[in-house]
Amino acid sequence: MSDSAKRPIIFSGIQPSGELTLGHIAGALRNWVALQRDYECYFCIVDMHAITVRQVPANLRRWTLDCAAMYLATGIQPEQATIFVQSHVPAHAELAWVLSTLTGFGEASRMTQFKEKSEQHAHNINVGLFTYPILMAADILLYQADLVPVGEDQKQHVELTRDLAQRFNNIYSPTFAVPEPYIPRYGARLMSLQDPHKKMSKSDPNRNATIFLVDDNDAIQRKIQRAVTDSGTTIEYDPENRPGISNLIEIYHLATDEPIEAIVERCREWTYSQFKAAVAEALVAYVEPVRTRFQQIRSDEASLASLLLSGAERAARVAQRTLRKVYRKIGFWSPKD
Ligand code: AQP
């Protein structure tokens with residue numbers, strides 16, 4: 001393929017720090033699937049990010065394979081995308097070190113995810129949590145990504161990535177593509193079912209707050225029925241003032257593809273309990289095939305291992321090319337230059 005025929009590049013990743021949730025589909029996976037045919041895609045399982053919070057080693061290993069299987073179960077095509085584990089490609093840590101020397105302490109201190117996670121993990125506010133966005137910048141820049149499809153919470157990190165790319169390009173010479181975030185209009189921040197002011201999270205200690213993609217149909221029904229709403233009576237989309245019901249409308253939209261406006265128009269006068277029943281039914285129909293595919297794919301560990309091995313080899317070749325260029329430009333001596 002000639003250079004002019006090259007497809008633009010996507011990089012994105014998910015931490016294997018638990019079972020994946022409906023939030024991951026809404027903010028990330030469904031957009032990866034939609035974009036995969038038109039882009040050259042690198043979809044990473046970011047285990048190095050996951051250890052910024054203390055992990056049980058056996059769980060981390062299991063969730064890494066779960067994550068790969070879920071990528072496939074939600075529709076990522078291994079023929080279209082390079083799927084790999086971050087720690088299998090050492091260039092991520094190496095470029096992160098270089099970028100850390102270009103990042104201001106104050107700049108890193110402004111990252112809201114660090115502030116939030118420091119509160120959640122007050123007993124373990126480690127330096128890795130602080131430098132997390134720099135490692136994320138390295139992830140993205142190594143592959144010369146043009147687009148980074150993420151949920152709303154990651155927008156600030158992509159902005160930092162852009163600043164670092166531009167800074168490096170200005171100090172040395174053009175080296176990195178400057179990536180754009182890709183944030184969906186709806187579902188960019190699915191909220192907790194138990195506290196609609198909080199993001200739905202895989203590590204929420206309250207399992208009722210989160211729809212996991214491996215939840216069985218009964219669990220999905222139960223969680224939706226118990227979702228916290230508000231004291232209103234109509235089905236209206238107003239995330240600021242009616243976050244609970246608006247979140248359920250976004251979930252319904254995700255499960256059925258019916259436009260938000262059409263849902264509101266059709267269901268405005270329904271009771272909350274009627275609407276919750278409809279959301280639960282649609283969500284069961286949406287999640288069940290994903291769960292079934294996941295179970296099939298996850299049961300074949302040998303195939304997953306071979307997919308991740310070849311993914312890492314391919315990713316490492318591309319990443320190494322960028323890293324070599326960076327090392328040369330910053331003045332690291334090498335006998336190969
Ligand atoms: N609730 C969500 N709504 C929309 N997008 C979401 N994403 C995660 N949760 C939601 C998007 O998924 C991608 C990868 O996320 P991650 O698991 O690497 O990190 P996270 O955002 O910290 O997700 P969790 O579930 O909250 O993980 P834990 O509990 O381990 O911290 C990102 O694009 C993210 O925006």
Side-chain angles (χ1 to χ4, degrees), residues 14 18-34 70 73-75 149-153 183-295:
I14 296 180
E19 286 152 345
L20 299 201
T21 74
L22 196 61
H24 293 104
I25 292 207
L29 288 161
R30 91 182 147 134
N31 303 306
W32 302 3
V33 171
M70 202 50 97
T74 52
V150 283
E152 176 68 36
D153 59 318
I183 296 172
R185 175 146 180 238
Y186 297 113
R189 191 175 173 82
L190 276 198
M191 307 309 273
S192 152
L193 297 175
Q194 291 299 308
D195 175 0
H197 297 282
K198 245 175 62 183
K199 194 182 74 149
M200 183 184 284
S201 245
K202 61 170 113 63
S203 54
D204 195 317
N206 182 351
R207 304 269 304 175
N208 287 327
T210 302
I211 301 283
F212 294 98
L213 299 173
V214 291
D215 278 346
D216 62 28
N217 294 350
D218 286 349
I220 295 173
Q221 296 265 7
R222 187 171 25 82
K223 289 180 185 184
I224 295 293
Q225 296 297 352
R226 288 189 190 165
V228 170
T229 46
D230 48 58
S231 55
T233 49
T234 48
I235 309 300
E236 267 176 76
Y237 185 71
D238 178 358
E240 205 157 302
N241 301 307
R242 310 271 305 274
I245 197 69
S246 301
N247 196 39
L248 290 180
I249 294 173
E250 288 201 26
I251 292 175
Y252 194 55
H253 163 67
L254 176 68
T256 59
D257 244 358
E258 184 176 353
I260 298 275
E261 300 73 21
I263 297 171
V264 171
E265 173 91 21
R266 192 166 59 79
C267 309
R268 189 184 305 276
E269 303 304 328
W270 291 15
T271 63
Y272 277 5
S273 113
Q274 273 175 316
F275 189 63
K276 281 180 172 179
V279 175
E281 190 190 346
L283 195 55
V284 162
Y286 181 75
V287 172
E288 192 171 30
V290 173
R291 186 178 66 233
T292 308
R293 275 197 300 276
F294 168 79
Q295 283 158 352

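Atom set for the values below is all heavy atoms of this structure, side chains included, hydrogens, waters and symmetry mates excluded. Quick caveat, the model's predicted, so the values are computed rather than measured.
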request  = Start with the C-alpha distance between I260 and Y186, add both sets of side-chain angles, then the distance that settles side-chain contact (heavy atoms from CB on, under 4.5 Å), and finish with yes or no.
outcome  = CA-CA 9 Å; I260 298 275; Y186 297 113; 3.6 Å; yes

inquiry  = Run T234 and E236 through side chain to side chain donor-acceptor pair (under 3.5 Å) and show every step you take.
reply    = CA-CA 6 Å; T234 48; E236 267 176 76; 2.6 Å; yes

key: Test side-chain contact (heavy atoms from CB on, under 4.5 Å) applied to N217 and R291, step by step   = CA-CA 10 Å; N217 294 350; R291 186 178 66 233; 3.0 Å; yes

ask   = Going through the checks in order, is the side-chain contact (heavy atoms from CB on, under 4.5 Å) test met by D204 and K198?
value = CA-CA 10 Å; D204 195 317; K198 245 175 62 183; 3.3 Å; yes

Intermediate values then yes/no, side-chain contact (heavy atoms from CB on, under 4.5 Å), L283 and L22 = CA-CA 10 Å; L283 195 55; L22 196 61; 3.8 Å; yes

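Residue P239 comes nearest to S246 through the heavy atom pair N-OG, 3.3 Å, listed as atom of the first residue, atom of the second, then distance. Contact record, A278 with W270: CB-CZ3, 3.7 Å, taken as the closest heavy-atom pair. In plain terms, the two heavy atoms of P184 and G27 that are nearest each other are CD-O, 4.1 Å. Here the closest non-hydrogen pair linking T210 and S201 is OG1-O, 2.9 Å. Contact record, N208 with R226: ND2-NH1, 4.0 Å, taken as the closest heavy-atom pair. Contact between A26 and N31 at its shortest, heavy atoms only, is O-ND2, 3.5 Å.
In this structure, I14 and W32 have side chains that are in contact, with non-hydrogen atoms separated by less than 4.5 Å. Side-chain contact check for D195 versus N206: every heavy-atom pair is 4.5 Å or farther apart. Side-chain contact between L29 and L20 is present, with heavy atoms from C-beta onward closer than 4.5 Å. Proximity of I25 to V287: side-chain heavy atoms (C-beta onward) are nowhere separated by under 4.5 Å. Annotation: side chain of V214 is not in contact with side chain of Q295 (no heavy-atom distance under 4.5 Å).
How far CD of E269 is from CZ of F275: 13.0 Å, rounded to the nearest 0.5 Å. Atom-to-atom distance recorded for R222:CZ and L193:CG is 11.5 Å, nearest 0.5 angstrom. In this structure, R293 CZ and E288 CD are separated by 11.5 Å, a value rounded to the nearest 0.5 Å. Here the NZ-CD distance, from K276 to Q221, works out to 12.5 Å after rounding to the nearest 0.5 Å.
A search for side-chain contact (heavy atoms from CB on, under 4.5 Å) contacts involving E152 returns K155, I183, A188, R189, not counting sequence neighbours.
Pairs engaging residues 20-33 under the salt bridge (Lys or Arg N to Asp or Glu O under 4.0 Å) rule: none recorded [sequence neighbours left out].
The residue from K202, H24, R207 that alone fulfils the side-chain hydrogen bond (donor to acceptor under 3.5 Å, both in side chains) condition with E19 is R207.
Counted by atom type alone, Y272 and D230 present one or more donor-acceptor pairs between their side chains at under 3.5 Å.
Counting non-hydrogen atoms of neighbouring residues, nucleotides and ligands closer than 6.0 angstrom, the CD atom of E265 reaches no more than 12 such neighbours.
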Side-chain donor/acceptor pairs under 3.5 Å, residues 247-254, sequence neighbours excluded:
from: N247; atom 1: OD1; to: M191; atom 2: N; distance (Å): 2.9
from: N247; atom 1: ND2; to: M191; atom 2: O; distance (Å): 2.8
from: E250; atom 1: OE1; to: G187; atom 2: N; distance (Å): 2.6
from: E250; atom 1: OE2; to: Y237; atom 2: OH; distance (Å): 2.5
from: Y252; atom 1: OH; to: R266; atom 2: NH2; distance (Å): 3.1
from: H253; atom 1: ND1; to: E258; atom 2: O; distance (Å): 2.8

